[in-house]
There are 2 protein chains.
Amino acid sequence: MQQHLVDDFITGLTTVTTVDSARELFTKTLHCLDVGHYAYLGLRFRNAGPRGKPFFITTYPQPWVEHYDNNNYLQIDPVMQDAPSRSTPMHWGTREHRKQMSPRQKRFLNEAAEMGLCQGAAIPIHAAGGEFGLVSVAVDATPRQFDTMMRTHQHQLHLISLYYHAHVAEKFISNESPKVSVTTRERECLLWSALGKSSWEISEILTISEATVNFHMQNAMRKLEVYSRPHAIVKAVMMGIISP
Amino acid sequence: MQQHLVDDFITGLTTVTTVDSARELFTKTLHCLDVGHYAYLGLRFRNAGPRGKPFFITTYPQPWVEHYDNNNYLQIDPVMQDAPSRSTPMHWGTREHRKQMSPRQKRFLNEAAEMGLCQGAAIPIHAAGGEFGLVSVAVDATPRQFDTMMRTHQHQLHLISLYYHAHVAEKFISNESPKVSVTTRERECLLWSALGKSSWEISEILTISEATVNFHMQNAMRKLEVYSRPHAIVKAVMMGIISP
DNA sequence: TTGGGTGCTAGCAGAACTGATAGGTTGCCT
DNA sequence: AGGCAACCTATCAGTTCTGCTAGCACCCAA
């Protein structure tokens, strides 16, 4: 196992300044690991909010990407179905993996194989603040070759993907600054509300009047630019203001 | 870099059946990496809910653990402050790390050093479902020794911690089964409410009456065993029913 | 010491939500 | 066909939340 590859990548990341140069470094490093094609998908960045635009780059064949988009394969792709709920890498397109697939998914995998994407590995990445990333690599190889390749390279692939995502997420986040400063009382009210308490109950807990609790919730909602408690709480959790 | 150590650990995990035997394997493997003391903290397991009891094991010296507890050092410990918001490993107790510490934190680090916990590494682990784990290792060594050790062992330590947490989390989760089955409409109502829509707005979106939206929210709340929308949404997000 | 800013406290009308009740549709089993 | 369960649709009284207004305490700078 070439440890220097991982270390060089990490060192390299500290020197790059743009998202593009980070991508180049990532592509070059994966190339050293004999990865033919890869796709990186960054979702749910902390301040991207609900339904935030995903961050997506790929070296998959262009025809396949278009075919994938046109047929809305995001809904079928077994990797997209399973990976987000996993914490460790998974292999797809292998004999065992195919066994558990539905007919539609088998068709999907066959179509991918025709494009030279026979099998591969998917690395789910869960980072701080609920950020999620996914690195999927594909190779055109025999099962035996793939097996050997994973045995020698999987851990490096894993680490490199992890650090890459952490770096991209950081860059992505640093650009947006929420700057919402809620007061102590406001945060307390948000938290108790998130835990199911009504205004009256919160007033008893904090020993203030119900009207005051409502006032604090008002201000919290105004600061968060929302117009209902449910939304305020969701946004507060998203932004790390409260963690129930 | 001894790849076999990581692979053996992963293989070993698939054979263990109890949480205790997993811990033993973990301890033994870390011992091979010259780790003197370690602590593992598992928090926020998916179904543990708000304020869930943490899962904690450690080989730190007993006097230190007691001293830590008695003085409520959880609030001061710089590792506990920083690690959860990081996505990659960090080193603590080093010269650079100490520079950024407050006087109280410096005192804390000095007390730790007196117990033989001079410096170490902390590995934050973010897994599926918002689970969070932290592996902190400490060594009684010179800065130079520590540096060498990290250069050769950090990646293995990282991978081993990752797989260990994933395994423990899975065991931890499988024991509790939420078994809450919300219907399509209920899920839709929860999601739109989480995005700030009122009952009337949701009724327009789904082209049903406002009363019907309220009814679906009712049922969702009953199934989730809560008595307000904010709480229902928080719980639904926690349980992975909706992801705004 | 005086003014301005910030945060906490509080009350009230109108809109939104909670909880209970009931009819209608679909699909499944007998 | 009939019975049954699950789900969706809808209504209404009582409670809670939203939006607005206003006073009070504290800190800090002029």
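Numbers restart at 1 for each chain; the letters A, B, ... are given by sequence-line order, proteins then strands. Source: prediction; values computed, not measured.
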Colleague: Is K99(B) paired with E96(B) through a side-chain N to carboxylate O contact shorter than 4.0 Å?
Modeller: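 No, this pair does not count.
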Colleague: Report the nucleotide, chosen from dC17(D), dT9(C), dT9(D), that has the shortest atom-to-atom distance to any side-chain atom of S199(A).
Modeller: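 For the S199(A) side chain, the nearest candidate turns out to be dC17(D).
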Colleague: How long is the line joining CG of N219(A) and C1' of dC8(C), in whole Å?
Modeller: 10 Å
Colleague: Can you check whether W92(A) and F146(A) have ring centres sitting under 6.0 Å from each other?
Modeller: no
Colleague: Check whether any side-chain heavy atom of T212(B) lies under 4.5 Å from a side-chain heavy atom of S209(B), and answer yes or no.
Modeller: yes
Colleague: Could you give the distance from CE (M217(A)) to OG (S199(A)), rounded to the nearest 0.5 Å?
Modeller: 7.0 Å
Colleague: Only one of F132(A), Y60(A), Y164(A) forms a ring pair (Phe, Tyr, Trp, His ring centres under 6.0 Å) with Y40(A), so which one is it?
Modeller: Y164(A)
Colleague: Counting only side-chain heavy atoms from C-beta out, which of dT9(C), dT18(D), dT9(D) sits nearest to I208(A)?
Modeller: dT9(C)
Colleague: Hey, could you give me the OG/NE2 distance between S203(B) and H216(B), rounded to the nearest 0.5 Å?
Modeller: 11.0 Å
Colleague: Where do R86(A) and T88(A) land on the side-chain hydrogen bond (donor to acceptor under 3.5 Å, both in side chains) test, with the steps shown first?
Modeller: CA-CA 6 Å; R86(A) 293 182 51 99; T88(A) 49; 3.3 Å; yes
Colleague: Rounded off to whole Å, could you give me the CD-to-P distance for the Q218(A) and dT16(D) pair?
Modeller: 17 Å
Colleague: Kindly calculate the angle separating the two end axes of the helix from dT1(C)-dA30(D) to dT30(C)-dA1(D), each obtained from five base pairs, and round it to 10 degrees.
Modeller: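 The angle, to the nearest 10 degrees, is 30°.
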Colleague: Whole Å only: how far is the CE atom of M217(B) from the P atom of dT9(D)?
Modeller: 15 Å
Colleague: Could you state the CZ-P distance from R229(A) to dG19(D), rounded to the nearest angstrom?
Modeller: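 That distance rounds to 11 Å.
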Colleague: Does a side-chain N or O from T183(A) land closer than 4.0 Å to OP1 or OP2 of dC8(C), or not?
Modeller: yes
Colleague: For E111(B), give me all partners under side chain to side chain donor-acceptor pair (under 3.5 Å), at least two apart in sequence or on another chain.
Modeller: H67(B), Y73(B)
Colleague: If we only count heavy atoms from C-beta on, is the I57(A) to Y38(A) side-chain gap below 4.5 Å?
Modeller: yes
Colleague: Please report the distance, rounded to the nearest Å, between NE2 in H216(B) and P in dA20(C).
Modeller: 18 Å
Colleague: Contact class for M221(A) vs. all strands (heavy atom < 4.0 Å): base, sugar-phosphate, or nothing?
Modeller: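 Result for M221(A) = sugar-phosphate.
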Colleague: Under 4.0 Å: is that the gap between some side-chain N or O of R185(A) and OP1 or OP2 of dG7(C)?
Modeller: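 No, R185(A) has no side-chain N/O under 4.0 Å of OP1/OP2 on dG7(C).
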Colleague: Please state how far atom CD in E210(A) lies from atom P in dT16(D), giving the value in whole angstrom units.
Modeller: 7 Å
Colleague: How many whole angstroms separate atom CH2 of W200(B) from atom P of dT18(D)?
Modeller: 18 Å
Colleague: To the nearest angstrom, how far is L206(A) atom CG from dG7(C) atom P?
Modeller: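 Roughly 17 Å, once rounded to whole Å.
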Colleague: Measure all distances between protein nitrogen or oxygen atoms and nitrogen or oxygen atoms of nucleotides 11-15 of chain C, and list the pairs falling under 3.5 Å.
Modeller:
none

